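Below you'll find the structure, written out as structure tokens, and then a few comments.
Please read all numbers here as calculations on a predicted model, not as lab measurements.
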Amino acid sequence: MRLTILGGGGFRVPLVYRALLDDPGRAVSEVVLHDTDPRRVAVIAEVLARLAQGHPAPVPVRVADGLDEALAGAGFVFSAIRVGGTAGRVRDERIPLSEGVLGQETVGAGGVLYGLRTIPVALHIAERVAALAPDAWVINFTNPAGMVTEAMSQVLGDRVIGICDSPVGLVRRAARAAGADPDRAGYDYVGLNHLGWLRSLTLDGTDLLPGLLADEDALGSFEEGRLFGGDWLRTLGALPNEYLHYYYFRRETLDSVRDTRETRGEFLDQQQGGFFERAAAAGGPDAVYALWERTRLEREETYMAHSREVSGGWQRDSHDLEGGGYDRVALALMHGILGGSGTRLILNVRNGTTVPQLAPDAIVETVCEVTAQGARPLPCAPLREDQLGLMLQVKAVERATVEAAVFKDRAAALRALALHPLVDSPAVAARILERAAGEG
């Protein structure tokens, strides 16, 4: 079975390939890379070549010349594109900050700007998949994952599934903190991409979450516990996705980001730009791989640094620096579809009746059962009013962003920006929109 990776020059592609090499199921017979930047994809192909060295049966890798060639005959398509590159992310973050509101890749005004730029390209990809590989499953890594998956589902229906590693990381960290085997724990998680809550954590029919929330030492042993603090977590009665820190602690996070010399986008723009420049002249797969591994570790160490600074300046745990997450979720999803085994994963899928207050075709992030027919969201307990209210408001923003991108509708774009909980004025939203349009 052929796996096509769009955005094949992406920095994290080697994590996917490493997972494929370690996969005992060996469902993939060929990996096809496609990227609009030939230098980047050539560097990543060298990293993959180094990973394959010494492997008894490495998965063959091929770089496709064009999108249509990459898609033809694919069984699965991983979409991990970044429209506008890291320079686009820098603009997405700096323009809102210049207006005194949070700038972040997927949250707030920055997420809306990124979505407006990305959705037209994602829709084109969906149309080409429908034409050239109608039986393929598309696994969307591309951020903002919720709204991009929602846009692509207008063409592909349930054959596009969005993934994120934040929820599974939260579940595994919480289970370990509660003294449970993460692979045996059950869980209730629901929300939108980068906006969700772990509301129960069960083992053999017993909910471990109340005990975990009451145990200050246990909460202090994992990232989300340190990030939000025990008092607030007990007030919520749930464990939030790490990205909810931008909503719950918006003032503190904004102050931290606004005072910084360098945004996350600027850090990655310089770091990755430097990596690809040095790697292109490194001279061989061994040197390129060593450079990639050092750069990857630095990237993981600095993840969500501003939020960690606000909550005490702690360092990430060693097992969270291993990288991966996306790769493991994608591989489990792929095996679940191919094997039809009823795997349970937290995924971005069409809502159906999971959250009755949302439209059936709205993309939600929740626990799903994966079979040969795809991913089916499982019933969940009713949402509390505060959870539902935030979901409804952000979903309105996401759907307005999709509408604006599809129909080139300025009013919808302004509505998306102005109604976001992290944008405090329609006038600010209008200035952000005009400046973003002026800067391309």
Side-chain angles (χ1 to χ4, degrees), residues 1-21 26-53 55 57-88 117-143 148 151-152 155-156 159-160 272-273 275-285 287-289 291-292 326-327 330-331 334 440:
M1 187 272 298
R2 179 180 299 163
L3 168 63
T4 292
I5 302 178
L6 305 180
F11 186 80
R12 299 176 80 180
V13 167
L15 298 174
V16 175
Y17 187 69
R18 186 163 64 190
L20 293 174
L21 292 176
R26 292 306 301 268
V28 174
S29 58
E30 181 187 31
V31 172
V32 177
L33 305 179
H34 174 260
D35 200 283
T36 56
D37 187 328
R39 185 186 71 162
R40 288 176 64 105
V41 75
V43 166
I44 294 301
E46 280 205 88
V47 178
L48 304 193
R50 170 60 179 78
L51 287 170
Q53 285 180 9
H55 196 279
V59 182
V61 176
R62 176 168 59 88
V63 177
D65 290 332
L67 177 63
D68 285 4
E69 179 192 333
L71 294 175
F76 281 83
V77 177
F78 289 0
S79 180
I81 63 173
R82 178 174 287 281
V83 180
T86 51
R117 188 171 64 249
T118 303
I119 286 167
V121 179
L123 281 172
H124 173 67
I125 288 170
E127 289 163 356
R128 298 315 296 156
V129 170
L132 297 168
D135 295 328
W137 292 91
V138 176
I139 300 179
N140 178 53
F141 297 68
T142 299
N143 278 323
V148 170
M152 296 182 82
V155 177
L156 298 171
R159 296 192 79 85
V160 58
Q272 291 194 21
F275 162 73
F276 281 104
E277 183 175 341
R278 292 192 298 274
V288 173
Y289 174 76
L291 180 60
W292 174 81
Y326 281 97
D327 49 313
L331 201 60
M334 192 163 60

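- Closest approach of T142 to I81, counting heavy atoms only: OG1-N, 3.0 Å.
- Scanning all heavy atoms of the two residues, the minimum distance from L33 to L48 falls at CD1-CD1, 4.0 Å.
- The OG1 atom of T4 lies 10.0 Å from the NE2 atom of H34; values are rounded to the nearest 0.5 Å.
- Atoms CG and CZ, on L67 and R128 in that order, are 7.5 Å from each other to the nearest 0.5 Å.
- Here the side chains of M152 and V129 are not in contact, with every heavy-atom distance at 4.5 Å or above.
- You'll find the side chain of L3 reaches within 4.5 Å of the side chain of L20, heavy atoms only.
- Between the side chain of W292 and the main chain of F11, a donor-acceptor pair closer than 3.5 Å is present.
- Scanning all heavy atoms of the two residues, the minimum distance from I119 to A151 falls at CG2-CB, 3.6 Å.
- In plain terms, the two heavy atoms of A45 and V63 that are nearest each other are CB-CG2, 4.4 Å.
- Side chains of D327 and R18 form no contact here, defined as non-hydrogen atoms less than 4.5 Å apart.
- Distance CE/M1 to CZ/R26: 11.0 Å, rounded to 0.5 Å.
- R159 places a side-chain N or O within donor-acceptor distance of the main-chain N or O of A136, the cut-off being under 3.5 Å.
- Nearest heavy-atom pair, R2 versus S29, reported as atom, atom and distance to 0.1 Å: N-OG, 4.2 Å.
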Checklist entry - Would F76 and V28 satisfy side-chain contact (heavy atoms from CB on, under 4.5 Å), going step by step from the backbone distance to the final call? => result CA-CA 9 Å; F76 281 83; V28 174; over 6 Å; no
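- Side-chain contact between V47 and V13 is absent, with no heavy atoms from C-beta onward closer than 4.5 Å.
- Residues R40 and Q272 meet the side-chain proximity criterion, which asks for heavy atoms closer than 4.5 Å.
- Judged by distance alone, the side chain of R117 and the main-chain N or O of V83 form a donor-acceptor pair under 3.5 Å.
- If you take CZ on R82 and CG on N143, they are separated by 7.0 Å, rounding to the nearest 0.5 Å.
- Only one option out of Y326, W137, Y17, F141 pairs with F78 in a ring pair (Phe, Tyr, Trp, His ring centres under 6.0 Å); it is F141.
- One finds the CG atom of L331 at 12.5 Å from the CG atom of L15 (value rounded to the nearest 0.5 Å).
- Between L156 and A126, the shortest heavy-atom contact is CD2-O, 3.6 Å.
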